[in-house]
Amino acid sequence: MQKYIHYDPSPEDIHTYHMQVSSDNNHHYYKIHLSELTEGQRKHISQKFGVSLNILESEQYLTFVRITDI
């Protein structure tokens with residue numbers, strides 16, 4: 001699943017959730033392996049980034065996408 005976000009995740013979030021960071025000319029991508037997260041981490045992501053908990057429990061990956069150039 002992909003979710004567009006307005007701001008890059010903090011360095012702490014990138015480290016805590018073991019995000020795989022990549023980018024192209026127009027986007028930054030932050031990929032999270034959801035199966036590696038604890039219940040508390042899923043709740044935190046749900047609240048912080050506005051992703052439904054049932055999606056976090058059913059999907060294998062979540063990728064945050066931030067547009068860098070319009």
Side-chain angles (χ1 to χ4, degrees):
M1 175 190 165
Q2 284 191 346
K3 174 159 178 61
Y4 285 87
I5 56 176
H6 297 288
Y7 303 98
D8 292 318
S10 69
E12 293 82 17
D13 284 338
I14 292 170
H15 176 72
T16 299
Y17 301 115
H18 308 287
M19 294 180 182
Q20 295 176 350
V21 180
S22 61
S23 61
D24 60 23
N25 290 337
N26 301 314
H27 302 87
H28 287 170
Y29 302 95
Y30 301 90
K31 185 176 183 179
I32 302 171
H33 296 268
L34 296 174
S35 62
E36 298 176 2
L37 299 181
T38 66
E39 181 76 20
Q41 289 174 322
R42 285 189 182 112
K43 286 181 182 177
H44 183 258
I45 286 175
S46 175
Q47 293 171 350
K48 184 169 185 171
F49 295 103
V51 179
S52 173
L53 271 176
N54 63 348
I55 290 173
L56 295 177
E57 293 170 356
S58 64
E59 294 288 328
Q60 186 174 5
Y61 300 103
L62 171 63
T63 303
F64 293 121
V65 181
R66 187 176 74 79
I67 298 173
T68 57
D69 189 21
I70 298 176

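All values reported here derive from a predicted model rather than from experimental measurement.
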Next item on the list: For the pair D13 and F49, evaluate side chain to side chain contact (heavy atoms under 4.5 Å, CB included) and give the outcome as yes or no after the intermediate values.
Entry: CA-CA 11 Å; D13 284 338; F49 295 103; 4.0 Å; yes

Next item on the list: Using atom types as modelled and distance alone, determine if a side-chain donor or acceptor of S46 lies under 3.5 Å from a backbone N or O of V51.
Entry: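 Here the side-chain-to-backbone pair exists.
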
Check: So, does R42 use its side chain to make a donor-acceptor pair with the main chain of L34 at under 3.5 Å?
Finding: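 Yes; at least one donor-acceptor contact below 3.5 Å.
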
Check: Could you state the interatomic distance from CD (Q41) to NZ (K48), rounded to the nearest 0.5 Å?
Finding: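 That separation rounds to 12.5 Å.
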
Note to self: As an exercise, state the distance from CZ of R66 to OG of S23, rounded to the nearest 0.5 Å.
What the structure shows: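 Going from CZ on R66 over to OG on S23, the span is 10.0 Å.
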
Next item on the list: Give a yes or no on whether E36 atom CD has more than 12 heavy-atom contacts from other residues, nucleotides or ligands under 6.0 Å away.
Entry: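 Check passes, neighbour count above 12.
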
Item checked: Side chain proximity check, V21 to H28, heavy atoms < 4.5 angstrom ->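 They are not in side-chain contact.
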
Margin query: Using side-chain heavy atoms (C-beta onward) and a distance below 4.5 Å, is I45 in contact with I32?
Written below: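 With C-beta onward as the side chain, the pair touches.
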
Tell me the closest heavy-atom pair linking [X] and [Y], and the distance in Å.
{"X": "G50", "Y": "K3", "value": "O-CE, 3.7 Å"}
{"X": "H27", "Y": "T68", "value": "N-OG1, 3.4 Å"}
{"X": "E59", "Y": "M1", "value": "OE1-N, 3.8 Å"}

Next item on the list: Take D24 and Y29 through the side chain to side chain contact (heavy atoms under 4.5 Å, CB included) test and state the conclusion after the steps.
Entry: CA-CA 8 Å; D24 60 23; Y29 302 95; 3.0 Å; yes

Hydrophobic clustering (ILVMFWY, side-chain heavy atoms < 4.5 Å, transitive) - are [Y] and [X] grouped together?
{"X": "I14", "Y": "Y17", "answer": "yes"}
{"X": "I67", "Y": "Y30", "answer": "no"}
{"X": "L37", "Y": "I5", "answer": "yes"}

Check: Should the pair H33 and Y61 be assigned to parallel (<30°), tilted (30 to 60°) or perpendicular (>60°) ring geometry?
Finding: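 Judged by the thresholds at 30° and 60°, the geometry between H33 and Y61 is perpendicular.
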
